[in-house]
Every structure is written in structure tokens, then in C-alpha cells.
Protein chains: 2
Amino acid sequence: MNNIVLKNIEFLKSSFTLNSKVSSLEDILNWIKLQKERVYVNIQKIPLSALKNWSIDESDGRLKHYTGKFFSIDGIRITTNYGYINQWEQPIINQNEIGYLGFIVKEFDGILHFLVQAKIEPGNINFVQLSPTLQATKSNYTRAHEGKAPLYLEYFREAQSHQILLDQLQSEQGARFLKKRNRNIIIKINEDIPVYDNFRWATLGQIKELIKFDNLVNMDTRTVISGISFGEYSIEFDDLAETLDMMHNKSNIGFNMLKSTLENRKSLNSFDDVLSFMTKQKSFYELDVERIPLKAVKGWTIREFEIGHEENKFFKVIAADIKIENREVQNWTQPMIESLQDGICAFVCKEIDGIIHFVVQAKLECGNFDIVELAPTVQCLTGNYKTNESKNLPFLDYVLTVPKSKILYDAFQSEEGGRFYMEQNRNLIVMAGDEMPLELPDNYIWMTLYQLKSFIKFNNYLNIQARSLLSAISFAD
Amino acid sequence: MNNIVLKNIEFLKSSFTLNSKVSSLEDILNWIKLQKERVYVNIQKIPLSALKNWSIDESDGRLKHYTGKFFSIDGIRITTNYGYINQWEQPIINQNEIGYLGFIVKEFDGILHFLVQAKIEPGNINFVQLSPTLQATKSNYTRAHEGKAPLYLEYFREAQSHQILLDQLQSEQGARFLKKRNRNIIIKINEDIPVYDNFRWATLGQIKELIKFDNLVNMDTRTVISGISFGEYSIEFDDLAETLDMMHNKSNIGFNMLKSTLENRKSLNSFDDVLSFMTKQKSFYELDVERIPLKAVKGWTIREFEIGHEENKFFKVIAADIKIENREVQNWTQPMIESLQDGICAFVCKEIDGIIHFVVQAKLECGNFDIVELAPTVQCLTGNYKTNESKNLPFLDYVLTVPKSKILYDAFQSEEGGRFYMEQNRNLIVMAGDEMPLELPDNYIWMTLYQLKSFIKFNNYLNIQARSLLSAISFAD
């Protein structure tokens, strides 16, 4: 058995382990509660002019830090032939550097455990959420904060190739970030390492259990674990009686999700069909993004406390004064993004020829690195999805009115709390039946989990909303 | 046996067929000769100011067509942390649209044949080279030429998903084109279609034989056929006695290349290792490209007949007056790129544990869509590789001095004749022995052909020089 197969089996075992000798799920929940009680967070909206070290640069028109580090809020003009609106302007977060989102994993009693962090982020609902071991922008790890270096950074810097279990470049929200990507990485260590106060070991199964709660597991954790593949059934697991036993003892949904994850042969569309679908989309749709000064952005106004849309739609850029204990920098001000509407991200799936398939959308968003990415069946993050405006959005009505019995997963999940102010979106996975036709609208395609996990490995194929939903899929149900 | 497997076998059979009942290799060579004799091409260098409908736009500083179509020559300023020179400025071709490079294939006597075109391009050495069935920019197929629509376009427009055998987005030269990509596509038809005068059916094996000649098969053909995968030995070909027989009857090199193409299990680096290698490169290297007016490009001067580098290095932008028969437009003027130095692209390979591996380089070029692409072991297209300047370039000395007995492939190949004036580069594949250590410099990695063919499917992983070399690899030798 080669290393890759071993790795897949290790991840699979960890995903089946809900209670480990290291900590039970209850221990972890109590520990998070404790972490929350011990932290003091105060976040105040202040006038834009009261931001320390941040201002709109007259020469390039961006709202940025005087060092040029961290990120900036830029104005952009978008021209595209996708969708109904073919030209618009908006502010967007520009953070042209690739940060680390990294987990250290280690085996205890033969089961992989992930070193999770109870991390405080100012914009978090709950303030404390479970994050990867390391979550660091380049500014962070090159010490632009002039604070201490992030904990555990050295393990990632020094990781040898054989220790790296996952290493992917993944995108952030294309409607809010301009081509932003992070390095999603998992490294395995064998030696003992210090476990600091706000860190704890958890299995993949436990993390997936915690994703069932609202706003408990942060976006960065979800994106990293969404990238984990479990291999291919036909090749790797034939002789693996133990693993097979694990599977067969599980309930229907979990087992069927696993089958969709490991089965490479029985998909409605071949791998090449999906590639062709993406090539066609990228060849057809055009996305032209031009930088413009923030003050010139049509439809948006710079007010005392915010940069907002004239019709009070979408989102606003606010200024925040943040006081936090337990963090590298205790008090600072920064711009943040505040959403003005609820959002919903939903995958609709259905069993086709015995294998669960997902309705996947090729979606163009203005900050996308490569025009379109594969997105959930329904994604209207900032749209007025409860009003008439999005009435024609495919599948929206369906997921909003589907009977509870068909809902596999339903939770509110936060966007990244370092940039987004108290933003949460409803995450939904729906198992459709005969009412869902096989025929899909033009920009949609049926894919199995095996296919999604194959595409996820290559950068800029699955968007962050799709990855967030995939992270919630558990085989242990 | 599913469709994908069938497709792989069809491609494989075609690649083994050197003489078909439709035409022998000799027929094709004679036919190309005839085509050449029947064409009249006259290309004259003219002053930039004598270009009809092309001029440097004072408002945006680009050399462009008055319609804004076709392409433009832009100035760019590059800032990067890759290599020795961290900032420079240069002209670059900007053609922000995705064109078609497409083959129609059809079965004759059970063997796939490709409909090749003897295409005249003004910049071609030889003027006539073998091109795909369809080679059309968006301007072409939306009729910006105001000429007739390209032949066979309708077959591609109307192709159903089950007819599409290959459909990939692939990059052009990153040192000359700003993020340019084309849709590489192969469609299979069953019905009879007209074969026009300058078109002919050829097997994949025949095309690969023709790539052994200098400047006979154009870049667009090479990129499309480089993307063809042949599947996975262990899964698909076990029971395929006929194909296996074909393989085993072949000579050592061809058979070993085939093994490297089909064997997924025995590579030095795993698939995930290669992904991690790329993620690391993309996370580390920064590439910032800023548009500037052509007239402001430092180090370059606009002269009467050219835009050239002050030290007369790299390339120049020239103006050409072109007269051609057999083409949509018979006489026109356009800017072209003329290279000032020879170039060399070489893959070094070596058998490791019984499987041929290639030394692949992660190379940053200023026009790359995604920072770095996988490139040949040696690629110095425009550098002074015979002088001291590139003395430290890894493997360059090795490939220039390697004994002839280790050279598997050696031919001059042209760059695309619609943009490049008489540009050819030496293409070389070298089979190294014990003298080549397993340890490679930082930006290099060993990959099998199976791995290269897997990565090629995803856009912007293999650069055009790497793909050109892969297209020359034949199993029938």
C-alpha cells in the first residue's frame, strides 16, 4: 500500500471517529465555552476618518493602511456578458498575497487528530470559533503587525514534503475579494509538540459534528477540510475489510455520501464532460475588471461612517475600533465589510443510478481569479432572495420550500471574521427525489462527490461557498 | 467498457497507425509540397506608420486596430521576486479573447483520423504548415475580417457533448502574450463531411511522424494533440490483448514512453506531491503586471520600422505588409513579433524505477495567467543562451553538449505564424543516464508522462513549450 492510499485511509478513519481518547465531543464543546468566557471583545463602529493608519490614498484612490500592508478597499468597474447586469461598479477587498491556512495533524491511538484553535476574530458571531492551527496572512508571518510571530508557524515553514498531506491554493469570496487565494495546507507530525492554551486536538469526525452547530467552526477550517480526498473505492479499499465494515455499519445517508466520494466509475457525466463544461463556460463568458478610485465608484457613496450603496443594498464598508484580549495586537482599527442581507448557499443532490450527484453551478463573480468557479446549486450571498428580484433564480424557490424531511444539513455559518462584520449565511444541503429532473439549466451540471473532490485539488475550480458546504458532509451519520 | 475507455483506446490505436488506407505518410508529404507550390506569399517589412488601420492610440498608449479587434501591442511593467531581474518593462501581445483550435476526427476502417489543414500563415517558415481543422480567434468567427466564416466552424458550434473528445483551455507563450488562452477541442463526427482542397485526413501516428520534420506541423496542432490522454494501464487495458500486442511489438523507447503515459502507480513523486510543489511555487512567487503606454516602456524605443530593445536584444515589434492567396483576406498589414535570438526548449528525461520521468521546471513568465506554469527542463526562448549570460541556467550546458546517442528528438519548430515572424526554436528531448542525479534544483520536479497528461487537462498548468515537446512523443518508434 503506498503513501497516498495510507493517507486516504487515515483521513477516512479520522472522519469516522466521533469520540477519541484525547477528547470527547463534549470536552471540546465545554472547552470552547470556556474560551468564550475568558475573552473580552469590544467592537465599535467609528467614523472612517477615525481609522488610525488607514485612509483613502489620493494618488491611487484606495482605502489602505499607511504601510501598504494587510489589505486595501479598492473601487472596480466590472464588464461582463454573464447575467442580466453587464456593467457595474463596486468596492472590493484587495489583498494580493497568499496566506497560510494550515492544520497540524498527529496520530493518537492510530487516529489522526487535528490541532484546532479557539480563535478570536473581531467580526465573528460568537467571537470565538474553531480555526486551523495556523491562520496567517503574509503580513502576519512577515510580522507587519510588529507583534509576535504566529504560534506553530515554524512547523509549516520547515515541513518536509513527506509530511504534507494536503497543499492547495483555494479562493475566497469572489464577490468581496479581488482574486484572493490562500494556501490550504495540512502537515503531519510525529514528535510531541506543545499544545497551547487555546488549542486542542480533534478528529475530523468531531470537526464535522461541530459544523452542525451554527457559527462554531470558522470558514478557514471549513475550506481546509473540504479539500481532503478519501481516494478511490475500486483501487484502494477492496481489501480493507476494517474500513468497509465501518462503512457498512453506518446509516444510509452517510454510507451513500461515502460511496459518492469514493466511486469514480458511475457518474452521470464523465470527468472529461465536466472539464468540457468548464472550458465552454470560460470560453464564452467574459470578465473584465478595471481598477477605479473609490470616490469614483458609481452608485456608492462615502459617508461619515461607511461606504455604502445608494439604495442601501449589498454591503457596506465600515470602520471598526476593536479591543481584544488574547491576540497579537490588543487594540486596533480597521475597515470591515458588513453585509446588508441574509445569504443562502444550498446544494441540491439526488441519487442517480445508485450514486448521489450534486447540482453544481458555474458561477461568475467579479473577483474570481478565472472567470467562473463551481458553486453551490443556489448561492445568493448578498441578493434580496426573499424579494421578487431573484424570483427567477433556478432552484431558489425549491430549496426555500422543500419539506424538512429532505434537508440533510441546515446551519448558519460565518464568513471570515477578520474582514466581515457579523456575517452569516444559511448553509443547506437538500436531498431531492423524483421531483428534481435530470435536465438542468445551461450553467448547471450534475457531479458526484468524487468528481468535486478531484476538481477541488486544482486551484480555482470550486468556490468557497461550495467548499464550505462540502466540509459539512459527514459519513458517520 | 465505458466511453472514456473507448476514447482512450481509439486515440491509442490512431497513434500507432503510421500508414492508413486513407493516405500514406508519403501522400501527405506530397500533398503539403503541392500546397506550398500553389501558394503565393509576399511579406514585406514596412514603417509602423504605413500600417493600415493600426496605430498607437494616444489615449491608452496601445498599438491597436481601429476597431479594437484582433489584438493590440501593449506596454507592461513587471515586478516579481522570481529570478535575477525583479523589475522590467516590455511590449507584449494583448489578445483578451479565447479562440478555437479544433480538430474534427472521424473513424475510417476503425481508426481515428484527424482532419488536418495545410494552412498558410504569413509568419511561417515554409508558409504552409499543418494546422488543426479550425483555427479561429473570436474576431475570426464573429467575422471582424468581414471575410467569409471559417470552414467547418458550424461543426464545432453545434457539437453535442458526447461528440467532444477533448476540450481544454490552454495558454500561449507567457513571455509574448498577456494571459492569452485558446480553447483546444477535438470533436468526433460520424457523418460524411466535405473535405476541402487544403484539408486531408491523417492519423495521430502520422501527425507525430510529421512533427519529426522541421517546421511542418504548426504550434496549434501541437498544442491540441499534446492534450490527448491515453488513460490508465492498470484499469483500462488489462483485457485489451490487441493493444498490448501492439505495444509489446514496439521498440524499447516507444514502449517505455507508453508505459510512462499509462502507468499511474510508480512515479517518484505522487500526484499530491506535484500539487504541493505547484502550490508552494505559486504561494512564494509574486507577479505583478501593470499596463503602461507603449511609448513609456523603459529600455525600448519606437523607431521607424520597429519597436525594439535598446541593446537590440529579445525581440522587436515590426510592421508587415502581407499578400497571400488562399486566405479570407488577401492583402493586409499588421504588427508582428520578430525574435532576435535562437531559442531552445528541451526536456531531459530518465528512467527511474523502470518508468521514464521528465525534469519539469516551474517557470514564471510575465504573461502567465497564474504566476508559474510547468515548463520544459530548459527553456530560453529569447535569451542569449550561447553567451555567458545564461551560463548558470540549470541543464542548459548538459543539453547543448549531450552525445547524439542520447537525443530522442531534435527538430526546429515554429511559433504561431499569425503573430510571429519566421520564429523557430530548437525542440529537444534527451534521455539521460546515470550522469543525471535524482536531486534537482529548487524549481524543478520529476514527473511521469501520466502525471503530465493529468495536469495538462486543467487549464494553465503546462506551458506551450512543454506541450509542444509532449506532442512529439511517439509510441510507434
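Naming: A, B, ... by sequence-line order, numbering from 1 per chain.
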Salt-bridge present (Lys64(B), Asp74(B); N to O < 4.0 Å): no
Side chain, backbone, both or neither of Ile371(B) within contact of chain A (heavy atoms, under 4.5 Å): side chain
Proximal component of Lys179(A), with respect to chain B [non-hydrogen, under 4.5 Å]: side chain
Residue part contacting chain A, namely of Asn459(B), when any heavy atom lies under 4.5 Å: both
Chain A contact via Asp370(B) - which portion, at a heavy-atom distance below 4.5 Å: both
Part of Ile164(B) within contact of chain A (heavy atom distance under 4.5 Å): side chain
Minimum heavy-atom distance between Leu262(A) and Gly231(A), given as atom pair plus value: CD2-O, 3.6 Å
Aromatic plane relationship, Tyr100(A) with Phe156(A) - under 30° parallel, 30 to 60° tilted, over 60° perpendicular: tilted
Leu165(A) portion near chain B, given a 4.5 angstrom heavy-atom threshold: backbone
Pair Tyr82(A) and Phe284(A), ring centroids less than 6.0 Å apart: no
Residues which pass side chain to side chain donor-acceptor pair (under 3.5 Å) with Thr223(B), listed by chain and number, not counting sequence neighbours: Asn184(B), Arg467(B)
